[in-house]
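We use all heavy atoms of the structure for the numbers below, so side chains are in, but hydrogens, waters and symmetry mates are not. The structure presented is a predicted model; accordingly, all values stated were derived computationally and were not measured. When a ligand or atom number is given, it counts from 1 through the structure's own listing order.
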Amino acid sequence: MPYELKQIALSTKGFMPEDEGDALFAAAIDASRVVTAADFVEIGSYCGRSTVWLGAAARMSGVKLHAVDHHGGSEENQPGWEWHDESLVDPATGRLNTLPHFLATLDRAGLNDVVRPVVAESSSAASSWVQPISFVFIDGGHGREVARTDWTSWSPLLTSGATLAIHDVFEDERDGGQAPFEEIYLPAISAGFSEISRIGSLRVLRKS
Ligand code: MG
């Protein structure tokens, strides 16, 4: 990870810890060597913190990163919820809008040539997908329906050798919400993905 980009990632608002961001970067680089000439996809970009790690990996791998987010914030980001940030509310509408913050991050990082923002619901983006994919990172909403939809939308687009990274996976409910574990991780294991690495709440799986 280039030093300057790492500093930009660390200075960007978001929830990705440094060691997990570095692991995400390494996992994407590795994925592009297993399935070549295929793009990366990020589900849930928020203000672009993890996007910087993945965009740097995409540049080094010679592929694009499609960054999918409706930019209205997840359930847990809304007013009254634990992960709400008042500074992300658009004063004109009174609603959360992370898109300007996300675009500012891409500008600051100089990643506009490799990152393609996809402003859409995850399921809608997946339903019209055409590009081959080597790597998907799911870090979208953490509600059960949302997590389940991310899995059912994107898993059919992953071919043999493709890598699936999932954030906020907690096997123990005392550590965090169970939706990413029960609605994405476990179904992936049942579908024949095998775990190749883990750090913190990040799980990296590969389709056989
Ligand atoms: Mg996360």
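The pair Arg206-Asp30 meets the salt-bridge criterion, since a charged nitrogen lies less than 4.0 angstrom from a carboxylate oxygen.
Residue pairs that meet the ring pair (Phe, Tyr, Trp, His ring centres under 6.0 Å) test with at least one member in residues 21-42, sequence neighbours left out, are Phe40-Phe135. Within the structure, ring pair (Phe, Tyr, Trp, His ring centres under 6.0 Å) pairs that include any residue of residues 186-208 comprise Trp151-Phe193 (at least two apart or interchain).
Under the 4.5 Å side-chain criterion, counting only non-hydrogen atoms from C-beta, Phe137 is in contact with Leu202. Counting heavy atoms from C-beta outward, Leu164 and Lys207 have side chains that stay 4.5 Å or more apart.
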Tell me which donor-acceptor pairs under 3.5 Å the side chains of residues 51-58 have, and how far apart each pair is, sequence neighbours excluded?
residue, atom, partner, partner atom, Å
Thr51, OG1, Glu42, OE1, 2.6
Trp53, NE1, Asp22, OD1, 3.0

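By the criterion of a separation under 2.8 Å, the protein N/O/S atoms near the Mg ion (ligand 1) amount to Asp139 OD1, His167 ND1, Asp168 OD2.
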